[in-house]
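Take a look at the structure set out below.
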Amino acid sequence: YKLLDKPLEDDDSEQDSEAEDGDAMDSNNDKNDENDDVNDENIMKNSSLNKSKSSVHVDEELRAKRKSILEDISNISKIGWTTVYRKQVFDAVYGEMHKYVRAKCNSMDFEESLLPLLQNWLRREMFPFTMHLLVRDKKNSELRTSLWSNLSQSVLKSFALVRASNLFEIIAEFPDSLPCVRELKDAIAATNSLSHIGKIFRPIVTRRLLHVGASTSQILDMYVSMVRSLRIIDSSDLLLNYVTAPIRAYLRNRDDTVR
């Protein structure tokens, strides 16, 4: 931006000189405008070039840091520390995976499918990293299969547990949340975590639904949505009966319930 060389003076003191110098000022302004346009164009070009150089510099830094980390991991593996502290390493990996799953679950709508994205992230990011960290013989197919199974189970269980804490909202948005309900069904079946889901969800239902602020009609609407959605998740009705038992008991003792 072009700065003024001196402060502006009062209008009254400039009236006589403005009449005489008007044409000269117009001519100078036209030239200044042309110069400003050229300067602005040069600034934009330089800014774009600087951004490009900055981006390349950041990419190079990231590659260098990644290479350094992998070299450190390789050295640690050679002296056997990853074998000695294998449990602690796995705990750290599982913890980071759970954080990632929770962040993704909280950032996406219930109408979107999330499991394919998580599986792709596991295949491209966490699995290669953990392989490099813990497995010395990279060509051992048995170890690769075992590690993949452990990591994928961890992702699915984290997904199921996080979605269990969101299940009240998921059911409230049913049937729009049908993709999420189906994915939760698959995750529960793969990890055998039905009882965990019930223990997480039942207190949430009691706290958020069974109170004087919720009308009987609202409770009944939610109950109907629970029946429809939970039967998709578990066709045996074990989860449904466990979660809705407090609702049925509450409605039996509520004065405005139609019997």
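Count residues from 1 along the sequence.
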Between [Y] and [X], is there a side-chain heavy-atom distance shorter than 4.5 Å?
| X | Y | value |
| --- | --- | --- |
| P246 | R202 | yes |
| K104 | Y100 | yes |
| I170 | V181 | yes |
| M222 | I219 | no |
| F159 | D186 | no |
| L114 | C105 | yes |
| K199 | Y242 | yes |
| N166 | N106 | yes |

Check: [X] side chain, [Y] main-chain N or O, donor-acceptor pair, under 3.5 Å:
| X | Y | result |
| --- | --- | --- |
| S149 | T145 | no |
| S235 | R231 | no |
| E183 | L115 | yes |
| E173 | L178 | no |
| S165 | V162 | yes |
| N120 | P116 | no |
| S146 | E142 | no |
| Q218 | S215 | yes |

In Å and rounded to the nearest 0.5 Å, what is the [atom1] to [atom2] distance from [X] to [Y]?
| X | Y | atom1 | atom2 | answer |
| --- | --- | --- | --- | --- |
| M108 | L118 | CE | CG | 8.0 Å |
| F174 | I232 | CZ | CD1 | 3.5 Å |
| L220 | I247 | CG | CD1 | 9.5 Å |
| I233 | L240 | CD1 | CG | 10.0 Å |
| C180 | D109 | SG | CG | 10.5 Å |

### Task
Answer yes or no: are there more than 12 heavy-atom neighbours, outside N192 itself, under 6.0 Å from its atom CG?
no
#### Entry: Whether over 12 other heavy atoms sit under 6.0 Å from R248 CZ
yes
Closest non-hydrogen atom pair, [X] against [Y]:
| X | Y | value |
| --- | --- | --- |
| L156 | A190 | CD1-CB, 3.7 Å |
| E111 | P179 | O-CG, 3.4 Å |
| A160 | A187 | CB-CB, 4.1 Å |
| L122 | P128 | O-CD, 3.9 Å |

### Query
Relative to the ring of W148, is the ring of F127 parallel (under 30°), tilted (30 to 60°) or perpendicular (over 60°)?
perpendicular
### Message
Hydrophobic clustering (ILVMFWY, side-chain heavy atoms < 4.5 Å, transitive) - are L209 and I171 grouped together?
### Response
yes
### Query
Do V224 and M226 share a hydrophobic cluster, counting only Ile, Leu, Val, Met, Phe, Trp and Tyr and linking them when any side-chain heavy atoms are less than 4.5 Å apart?
no
### Task
Let me see the working for Y94 and L151 under side chain to side chain contact (heavy atoms under 4.5 Å, CB included), right down to the final yes or no.
CA-CA 8 Å; Y94 290 150; L151 295 181; 3.9 Å; yes
### Message
Go through it in stages, so that I can follow the logic: the residues are I188 and D234, the test is side chain to side chain contact (heavy atoms under 4.5 Å, CB included), and I'd like the CA-CA distance, side-chain angles, deciding distance and then a yes or no.
### Response
CA-CA 9 Å; I188 291 173; D234 171 37; over 6 Å; no
### Pair L167-L230, side chain to side chain contact (heavy atoms under 4.5 Å, CB included): steps then yes or no
CA-CA 10 Å; L167 197 49; L230 294 183; 4.2 Å; yes
### Query
In terms of side-chain geometry, is the basic nitrogen of E169 or R163 positioned less than 4.0 Å from the acidic oxygen of its partner?
no
### Query
S154 pairs by side chain to side chain contact (heavy atoms under 4.5 Å, CB included) with which of M97, M126, H98?
M97
#### Entry: Derivation of the side chain to side chain contact (heavy atoms under 4.5 Å, CB included) call for H196 and K157
CA-CA 10 Å; H196 296 288; K157 188 165 186 178; 4.3 Å; yes
